[in-house]
Amino acid sequence: MCLAIPGKIKSIELQYDGRVRMAKVSFGGITKEASLEMLPDADIGDYVLVHVGVAISKVDEEEAQKTFKYLEEIGELGDLEDVDEYLPKTDK
Amino acid sequence: MCLAIPGKIKSIELQYDGRVRMAKVSFGGITKEASLEMLPDADIGDYVLVHVGVAISKVDEEEAQKTFKYLEEIGELGDLEDVDEYLPKTDK
Amino acid sequence: MKYMSEYRDPELAKKILEEIKRTVSRPWSIMEVCGGQTHSLVKNGIIEMLPDKVTMIHGPGCPVCVTPLNLIDKAIYLALEKGVILCSFGDMLRVPGSQKNLLEAKAEGGDVRILYSPLEAVKIAEDNPDKEVVFFAVGFETTAPANALSVIHAYRRGVNNYSILASHVLVPPAMKAVIDDEESKIDGFLAAGHVCTIMGNSEYYPISAAYKVPIVVTGFEPLDVLQGILMVIRQLEQSKSEVENQYARIVREEGNPEAQKVINEVFEIRNQMWRGIGEIPDSGYGVREKYAQFDATLKYNVTIEEAPENPLCISGQIMKGIKKPFECTQFGKTCKPTNPLGAPMVSSEGACAAYYHFSGLVEA
Amino acid sequence: MKYMSEYRDPELAKKILEEIKRTVSRPWSIMEVCGGQTHSLVKNGIIEMLPDKVTMIHGPGCPVCVTPLNLIDKAIYLALEKGVILCSFGDMLRVPGSQKNLLEAKAEGGDVRILYSPLEAVKIAEDNPDKEVVFFAVGFETTAPANALSVIHAYRRGVNNYSILASHVLVPPAMKAVIDDEESKIDGFLAAGHVCTIMGNSEYYPISAAYKVPIVVTGFEPLDVLQGILMVIRQLEQSKSEVENQYARIVREEGNPEAQKVINEVFEIRNQMWRGIGEIPDSGYGVREKYAQFDATLKYNVTIEEAPENPLCISGQIMKGIKKPFECTQFGKTCKPTNPLGAPMVSSEGACAAYYHFSGLVEA
Amino acid sequence: MSEKNKIRMQLQCPMPKLEFDVITLGHGSGGVLTNKLLDSGVFDLLSNEILDERHDGAFIELNGKTAFSTDSFLVSPIFFPGGNIGELAINGTINDLAMCGATPKYLSLSFIIEEGLPVKEFWDILVAIKFACEKAGVQVVTGDTKVVEKGKGDKIFINTSGVGPIHPRANISAKNIAIGDKIIISGNIASHGMAIMSVREGLEFDSEIESDTTNLNHSIIKLIEEFGESIHLLTDPTRGGVATVLKEIAQSSEIGIDLSQRDFPIDEQVASACELLGLDPLYVANEGLFIAFVSASKADALLAVLQQDENGKNARIIGRVVEEHPKQVIMESNIGGKRVISMLPGEQLPRIC
Amino acid sequence: MSEKNKIRMQLQCPMPKLEFDVITLGHGSGGVLTNKLLDSGVFDLLSNEILDERHDGAFIELNGKTAFSTDSFLVSPIFFPGGNIGELAINGTINDLAMCGATPKYLSLSFIIEEGLPVKEFWDILVAIKFACEKAGVQVVTGDTKVVEKGKGDKIFINTSGVGPIHPRANISAKNIAIGDKIIISGNIASHGMAIMSVREGLEFDSEIESDTTNLNHSIIKLIEEFGESIHLLTDPTRGGVATVLKEIAQSSEIGIDLSQRDFPIDEQVASACELLGLDPLYVANEGLFIAFVSASKADALLAVLQQDENGKNARIIGRVVEEHPKQVIMESNIGGKRVISMLPGEQLPRIC
Ligand code: SF4
Ligand code: SF4
Ligand SMILES: [Mg+2]
Ligand SMILES: [Mg+2]
Ligand SMILES: [Mg+2]
Ligand SMILES: [Mg+2]
Ligand SMILES: [Mg+2]
Ligand SMILES: [Mg+2]
Ligand SMILES: [Mg+2]
Ligand SMILES: [Mg+2]
Ligand SMILES: [Mg+2]
Ligand SMILES: [Mg+2]
């Protein structure tokens with residue numbers, strides 16, 4: 001349910017008589033417009049989660065690493081050289 | 001203009017709540033319905049001229065021979081054995 | 001078919017032609033009033049068989065050709081913009097309106113239906129109660145009774161989603177208008193047999209008397225037309241100007257009184273626009289007030305700007321017999337059946353199209 | 001794609017699985033509330049990878065599946081009989097109404113359009129001022145803000161030919177309804193990450209406390225789901241019943257206040273029919289009076305008889321986790337994705353369809 | 001196809017029980033439903049070793065000079081007196097191949113179905129296809145089925161393409177036409193088009209008129225075997241009718257054609273129907289008719305043989321190739337007048353008023 | 001076709017001046033307008049000796065084992081990133097022939113045009129057809145053009161059928177598939193379908209995704225020349241995508257197939273677009289892609305050769321034929337789970353909610 005995917009804001013413009021901030025969001029190289037009405041402080045460069053044309057959340061980079069930290073915590077990453085390897089990389 | 005062709009009334013029935021006499025008219029073997037509202041005294045077996053679904057005239061058998069009589073008159077049928085040859089034949 | 005095939009006999013045709021040749025002593029111009037007669041002349045190659053002294057002039061008797069441009073535009077508008085089921089006779093579909101024809105409107109998605117009879121249109125209206133059905137009721141006196149009948153049927157049966165877009169034209173006023181034109185050179189008329197079937201012959205006596213022209217009520221088969229021509233020539237050669245009836249097997253002196261009654265019930269005489277000719281007083285039928293609800297012109301109150309006719313088209317002169325189609329500068333060049341500039345190029349009964357198709361003058 | 005691909009790492013997945021195996025000591029039934037999670041489980045083959053002691057129960061979190069039959073019939077009626085442009089998300093189109101689905105309505109000539117976003121529908125309405133445009137606004141809390149936004153856009157811009165046919169369902173009341181069922185055997189929940197993105201976590205504390213169930217707000221990628229499962233199991237094994245947030249990269253404790261504002265502006269909470277489950281109090285959103293003109297249910301006042309669900313379909317029990325799809329007598333026999341008897345066989349997020357497609361149990 | 005034949009065929013080919021009543025979009029999606037349709041037994045009607053391979057294409061054997069032809073068939077209504085669109089599509093391509101002097105052998109068959117077509121109608125079409133193929137001795141070896149939404153098609157369109165070896169004695173080419181060639185028509189004109197008209201809404205009439213759709217390949221091969229190179233050109237006057245096809249030939253080959261209206265064979269009912277609707281039979285479509293340009297010296301002999309054939313009973317010489325008026329077709333009317341024959345400017349419309 | 005190519009083609013092929021802007025019913029009537037369209041110069045693009053004969057069929061020469069295939073093409077929109085319906089129709093049949101191990105040689109081309117199609121669009125389609133034919137080395141030798149009323153078609157449908165000699169070293173048949181065969185895919189999946197999606201109204205997105213439509217015949221013949229009988233089966237996963245085609249093969253040949261999701265080549269943008277719309281790329285249509293079943297011993301060598309080919313740069317081994325689970329296709333997911341691959345139940349719909 002509620003298919004939503006994270007993308008990076010490439011540009012922002014005002015539409016609908018200047019009332020609405022609309023972003024061009026890049027998802028792995030493809031671009032789609034999304035309304036920023038739910039994220040007043042989202043800015044160019046931010047990663048946002050987009051659902052049916054509306055950005056509904058900013059991705060928290062720090063929290064994004066928690067899954068990997070959690071695994072490290074439970075000892076399962078003990079044999080991995082470096083946690084960083086699994087952390088989100090910067091998108092081209 | 002006013003394409004109309006002669007056909008023979010095969011049957012008559014009342015339609016439109018019994019108000020209208022409609023005929024099945026045969027034209028060289030094909031059959032099409034025609035209203036008899038303009039020909040109150042047309043009957044089965046009569047040849048009628050039909051235009052856009054309405055019978056507008058009964059063919060006068062006697063007059064039909066006039067063309068051939070006329071030709072005879074003007075002397076042009078003189079060398080024909082028999083005028084009858086050119087007169088309308090009974091349709092199958 | 002009985003009463004048709006026998007009037008196509010080649011031997012007899014030849015004999016009448018010989019008699020025509022024998023009879024004619026000087027040039028005569030004869031107008032066949034009716035497009036059906038034009039069709040018969042060209043389809044059977046009669047024009048070329050006639051002696052040079054006999055010139056046939058193709059009259060205005062093609063209702064499809066004289067239906068005003070504006071009315072075609074209205075029919076198209078009703079089909080495309082008002083979403084009505086627009087019913088019509090087939091040959092009306094290719095007649096150009098100012099922008100397009102009904103065939104194109106149909107191709108663009110308009111519900112345009114070709115019917116054999118206006119009575120069918122009333123049935124379609126009954127079968128489609130939540131649609132409006134309009135019949136494009138063109139025609140001469142011959143067709144007026146059937147169109148009127150459709151209104152009576154709808155009236156009787158309470159079919160309120162039916163109406164007609166009427167354009168009825170009357171032959172005798174047109175004949176007068178044609179012969180009144182100073183350039184006209186008509187010596188005699190073949191009157192339209194099927195029009196007379198309805199109206200009888202009485203309307204022609206005053207014309208024949210006033211203009212001193214022979215008028216022969218004539219049928220449509222080759223022998224009919226040839227005999228009609230012969231009868232006119234005989235009168236001309238004898239300086240007579242009478243009304244004769246070549247087509248007596250079909251046409252009664254008084255016409256068809258029942259049909260006249262039906263016409264009178266639904267229609268009244270009014271001035272009428274003739275495409276290519278202009279307005280002719282008392283030359284058309286309009287729907288009477290009693291049946292106003294079946295008059296599509298009132299029902300939809302569509303105002304469409306009068307579009308100008310193509311100025312290069314001389315169809316008026318063609319229909320008055322002043323010029324022949326091949327005297328038109330556009331004939332066969334910019335104006336062809338695939339791209340008609342004027343109405344006479346559209347219907348195969350139109351003088352220009354008839355010439356284009358059947359005569360030896362042009363290349364397809 | 002960043003923030004997706006890294007959560008699909010096979011090595012890490014294996015490690016979490018091993019930790020799950022190590023942790024679990026007795027059988028647990030965990031409901032993933034959201035159809036997106038179900039999809040992830042089956043598409044990635046996770047269910048078979050889990051230890052036998054862990055049973056996943058597929059919850060009611062597929063809005064497409066729980067949209068009332070009657071509302072689908074209404075949407076079809078609007079498309080076919082009222083001639084509106086009916087816009088919808090794609091997966092709604094194959095959901096069976098009582099007679100047919102929207103895809104069939106489209107195939108029958110209805111103007112049914114698949115859109116990515118409800119905001120597009122407002123644009124379509126603006127571009128087609130002489131047409132009515134209806135957006136079939138289904139969804140959970142995640143989608144409600146976008147649907148509400150479309151109404152606000154239309155309101156602001158005076159787009160009066162736009163309305164929504166709304167069917168919004170709320171997750172927490174459904175979770176309660178499911179766990180309240182006496183046959184229910186749910187030990188813990190993976191809460192729907194994207195719903196929480198909007199609403200935050202606060203609604204789950206009372207549930208977790210009242211029913212003594214661990215609730216872990218969880219994402220949708222394989223690592224997310226696996227980690228969520230592990231977190232639930234850890235709590236269960238330690239007899240805890242807390243609310244945890246596996247999906248903190250996206251979900252804030254308080255949710256998205258702007259989105260909540262937009263929802264509140266346009267919608268109010270009301271009772272809601274859930275297909276296959278029945279009416280659940282306070283489990284849906286209706287359009288507020290201020291925006292009544294954009295409410296298609298009021299605008300068209302369509303009354304369509306409630307059609308009975310197929311009595312053989314046990315979709316209610318499926319969605320409550322009481323039964324597995326293959327325990328349905330119709331599963332894979334009369335009921336298949338090509339001929340779904342109930343909604344869970346329709347959307348590929350529906351529990352029955354997910355099982356049908358991706359699990360090893362059936363032949364296509 | 002006559003009523004009797006139709007009933008016989010339906011008895012021989014009872015429709016399999018199916019899960020669906022109408023063809024839906026899914027049946028053309030390439031997925032489960034497409035396969036279900038393929039496996040439903042519906043297509044078993046056409047089963048043969050080559051088709052049953054169900055590969056991306058068919059494996060066939062051909063050696064030497066081959067004819068290859070294609071046509072898409074749209075006809076409304078799809079069922080009409082004397083046949084349906086199925087046999088029309090088969091016979092159409094078979095006849096085009098025959099006109100090349102070939103023995104039609106393998107056909108492809110491609111459907112574009114408008115969603116909502118009753119499976120029963122599809123079945124009836126396939127049954128007609130089956131029998132048409134059997135009668136002509138051809139096989140459908142490869143096919144395709146697509147489905148379009150309502151309003152994006154018209155019940156069913158069928159494309160057939162076909163191949164077949166050219167008869168060694170055949171030498172068919174417009175280039176072979178010579179001054180003096182006789183023009184032979186194989187039978188009554190205008191039957192197909194008037195059969196369609198007889199069931200067109202708003203124009204319908206009762207008649208015994210049936211479409212003349214049939215396969216001409218056996219008749220043609222017989223003629224070629226006997227008259228070989230004397231047959232200069234073969235063509236089937238389908239859309240546009242006899243007039244259009246002859247005018248096309250006159251123009252492209254720069255020859256003159258003289259025709260005699262009197263000699264055109266036409267069924268009385270068909271002629272009457274043309275009178276009723278104001279149509280010229282010369283422009284009405286035919287389906288099971290051919291025109292042959294034959295060297296003058298062999299024309300009578302060929303005509304005699306053709307008149308013995310079931311497809312040539314009403315065959316007649318209707319005209320000849322002349323040196324005069326190149327590119328022009330001139331017809332002597334029944335009463336001896338002359339008229340020039342041009343092409344149909346568009347679809348012929350009933351002329352009523 | 002890239003933008004650059006498109007512009008080059010348009011420069012090379014300026015449209016002739018025509019009397020008409022749109023295709024109308026008359027152009028399909030078989031009469032004057034049909035001839036006018038044929039003579040307008042529009043079709044000169046495809047001119048060749050055989051086609052120019054303009055007979056009822058084409059005269060061609062074929063010797064021995066031949067492949068014969070047909071397909072009707074409907075695509076909306078008719079112009080899409082990377083191509084248009086014209087080249088799609090040419091490449092589609094070329095590829096079906098190639099999948100038979102044949103060298104495509106002669107094509108038929110049949111149009112069903114919805115009234116109102118701008119002639120300019122028709123021209124652009126013909127230009128694409130011309131270049132696709134040239135690239136593949138095939139000739140259109142026979143054709144047909146029909147026009148339907150508005151609302152009875154969808155801009156343009158194209159049927160192509162084709163024939164070509166089967167390569168003497170080819171032995172393509174599902175019967176040759178053996179346990180252990182490797183399954184090779186020639187390139188990235190799902191590009192065509194997602195290129196279409198990217199311009200579907202209401203779903204559109206910006207991307208560099210282009211349809212993969214291309215002719216595969218040269219690539220295939222090269223492989224056959226080198227690997228002959230080791231290539232057991234060839235097929236192009238068009239409608240229904242890779243999943244559907246493999247499931248069909250597994251079912252009809254009663255073999256098991258194991259796939260590895262990890263090994264499927266896919267363009268990042270295409271993958272992202274699938275995520276955005278909730279589509280499974282395994283079910284998305286391809287046009288210039290093929291799947292080969294190759295005997296295990298030759299698979300790596302073949303892959304190496306294929307990867308040198310312009311149509312095989314991204315080729316990969318994606319699975320193998322197994323004895324277990326006959327008729328089933330089982331895929332190991334990225335994270336190591338297993339799922340059964342079934343056929344698409346109908347058209348795949350964007351899954352958003
Ligand atoms: S040829 Fe054309 S332009 Fe000239 S008068 Fe006739 S209709 Fe008008
Ligand atoms: S398998 Fe079908 S009938 Fe059974 S519960 Fe699922 S949807 Fe209902
Ligand atoms: Mg293929
Ligand atoms: Mg052909
Ligand atoms: Mg043909
Ligand atoms: Mg195919
Ligand atoms: Mg239709
Ligand atoms: Mg032909
Ligand atoms: Mg094919
Ligand atoms: Mg193909
Ligand atoms: Mg053709
Ligand atoms: Mg359309």
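Predicted, not measured: the structure shown is a model, and the values here were computed from it. By convention in this document, chain letters (A, B, ...) are assigned in the order of the sequence lines, proteins followed by strands, and residues within each chain are numbered from 1.
- Nearest heavy-atom pair across F:Ser191 and F:Ile209 is O-CG2, 3.7 Å.
- With a threshold of 4.5 angstrom between heavy atoms, D:Arg8 approaches chain F through its backbone and through its side chain.
- Residue F:Glu332: no heavy atom, backbone or side chain, is found under 4.5 Å from chain D.
- In this structure, D:Tyr285 has its ring center at least 6.0 angstrom away from the ring center of D:Phe140.
- Residue pairs meeting the salt bridge (charged side-chain N to carboxylate O under 4.0 Å, His left out) criterion with at least one partner in residues 173-182 of chain F, sequence neighbours excluded, are E:Glu53-F:Lys175.
- The existence of a salt bridge linking F:Arg339 and F:Asp280 is confirmed by a sub-4.0 Å separation between a basic side-chain nitrogen and an acidic carboxylate oxygen.
- Only the side chain of F:Arg262 comes within contact range of chain D, with at least one heavy atom under 4.5 Å from a heavy atom of that chain.
- Chain F forms the most heavy-atom pairs under 4.5 Å with one residue out of D:Lys123, D:Met4, D:Lys336, and that residue is D:Met4.
- For chain F, no part of D:Met92 is nearby; none of its heavy atoms comes within less than 4.5 Å.
- Taking the six-membered ring wherever Trp is involved, the centroid distance between the rings of D:Tyr162 and D:His153 does not fall below 6.0 Å.
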